[in-house]
There are 2 protein chains.
Amino acid sequence: MQEYIYNVKCVISYDGSDYFGFQAQEGYNTIEKELYRAINYITKEGNKIIGSGRTDRQVHAYGQVINFHTNLKMDESRFMYALNRMLPKDIRVLKLKYVPLDFHARFSAKKKEYHYYIKFKNYTPFDVRYFHYNDKLDIKKIQEAIVLFKGTHNFQGFCSAEVDKRKDFNKTIYKAEVKVHRDYYEFIFEGTGFLKYQIRRMMAYLIAIGEGKVDKNKIEEIFETKEVQMHYKMAPGCGLYLYNVSY
Amino acid sequence: MQEYIYNVKCVISYDGSDYFGFQAQEGYNTIEKELYRAINYITKEGNKIIGSGRTDRQVHAYGQVINFHTNLKMDESRFMYALNRMLPKDIRVLKLKYVPLDFHARFSAKKKEYHYYIKFKNYTPFDVRYFHYNDKLDIKKIQEAIVLFKGTHNFQGFCSAEVDKRKDFNKTIYKAEVKVHRDYYEFIFEGTGFLKYQIRRMMAYLIAIGEGKVDKNKIEEIFETKEVQMHYKMAPGCGLYLYNVSY
């Protein structure tokens with residue numbers, strides 16, 4: 001592997017609607033592929049991109065973080081401007097900074113914050129890409145249930161069934177709350193890190209609880225059994241935003 | 001032509017981003033085609049759809065109006081619900097009403113209102129489809145210029161160069177104003193009707209005036225010469241919304 005002398009950290013925002021998720025995949029349009037194209041158009045170095053984590057198809061980001069090593073030294077604001085000129089308009093670099101070589105967007109991350117948005121009235125065609133819609137939710141039941149996610153738990157029952165079984169499923173959630181706005185609910189989750197599909201599965205249970213189909217005790221039951229119950233679908237990706245990554 | 005005994009009026013809202021405009025065109029995905037598919041799935045009558053007018057590719061609507069003749073009599077709210085079940089999520093029927101047989105969405109229209117949105121700060125990837133972006137506008141110059149569009153004028157110089165020269169180019173604009181919001185400008189145009197590309201061409205001049213590239217006298221010059229000056233591009237469709245049609 002080539003030795004680079006600089007490390008660049010970027011905060012990225014994207015509308016994930018038209019992408020097959022963050023991670024580069026042969027034959028699919030992904031966020032990482034667009035970032036790679038823009039960065040390498042400028043550096044010509046074939047720089048590998050490190051993301052703080054993957055986001056699924058149609059999931060958005062306000063504050064995804066990436067880094068890449070390079071030998072190119074440019075004025076930071078000019079570098080950011082150049083990248084934004086090369087990127088499609090639904091992906092934007094919000095911040096760009098040269099950081100110490102040992103900064104790693106994934107391994108250095110301390111906390112991640114995700115938001116999930118559900119519109120419950122005034123739904124318009126302009127909301128389709130950015131909100132999940134549900135007008136049948138009992139928000140009090142959801143508020144009683146969401147706090148059960150706080151603390152350190154084994155989240156195996158709330159993640160993708162395909163995940164490697166040797167993985168560490170113990171994760172700590174510091175913040176799990178829902179705010180009621182004029183015509184939408186904002187769910188906020190902050191934690192050490194999240195497993196594949198974890199938030200969309202947690203959201204699916206919260207929605208089922210809000211619809212009165214499931215009791216909140218179900219959450220503690222799944223912590224104990226650790227079984228992924230596939231008949232509870234994941235909440236749609238369009239409502240989910242990677243909001244912030246803390247280092 | 002088949003004789004139908006009922007006439008149905010609908011108010012439609014759509015996110016035009018993923019459509020090649022309103023009007024049905026062979027081989028293209030259009031709003032009219034989706035409406036036709038949904039209506040005829042329910043009526044099975046091959047009903048012809050009459051729109052208040054066309055909207056271009058990527059142009060949106062809050063209040064487009066259509067009508068169609070049918071022999072089907074259904075409860076209005078159930079009919080609307082059924083249509084919305086069949087339509088893609090970026091097209092919504094907001095109102096549905098049985099109206100007298102002589103109502104015609106285009107010929108009966110008295111006034112049309114269009115809005116154009118330009119974001120001037122806090123631009124995000126989530127705005128790309130719905131706003132034009134420009135942070136270099138002198139809004140005072142625009143406010144002085146926009147009033148020149150009010151009244152009855154020959155708008156030949158502000159429409160598509162392809163338009164039939166025998167057409168009546170005299171149109172009356174009742175309202176032409178711009179509101180300044182926290183991070184975007186809202187342009188409002190209300191008139192008897194608008195020619196193809198008229199508002200996007202008017203907007204292109206207003207933007208050029210706001211950027212200091214053109215003087216406001218240019219507007220009166222074009223009213224006189226009636227020449228379409230093709231080097232002034234149209235403002236992008238994504239910022240334009242058919243806001244309301246009055247009958």
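Chain naming here is simple, since letters A, B, ... match the order of the sequence lines and numbering starts at 1 in each. Since this is a predicted model, take the numbers as computed values, not measurements.
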Exercise. What distance separates A/D90 CG from B/R129 CZ, expressed to the nearest 0.5 Å?
Worked result: 9.0 Å

For this session: Sort out for me which of B/P88, B/P125, B/A61 touches chain A most, counting heavy-atom pairs under 4.5 Å.
Result: B/P125

For this session: For each of B/Y123, B/Y14, B/Y133, tally heavy-atom pairs with chain A at distances under 4.5 Å, and name the one with the top tally.
Result: B/Y14

Decide if atom [atom1] of [X] counts as having more than 12 heavy atoms of other residues, nucleotides or ligands within a radius under 6.0 Å.
X	atom1	answer
B/Y28	OH	no
A/K73	NZ	yes
A/Y81	OH	no
A/K89	NZ	no
A/K110	NZ	no

Exercise. So which part of A/N84 gets closer than 4.5 Å to some heavy atom of chain B, the side chain, the backbone, both or neither?
Worked result: neither

Exercise. Under a 4.5 Å cut-off applied to non-hydrogen side-chain atoms, are B/T124 and A/H60 in contact?
Worked result: no

For this session: Examine B/F126 together with A/F126 and report whether their ring centres are nearer than 6.0 Å.
Result: no

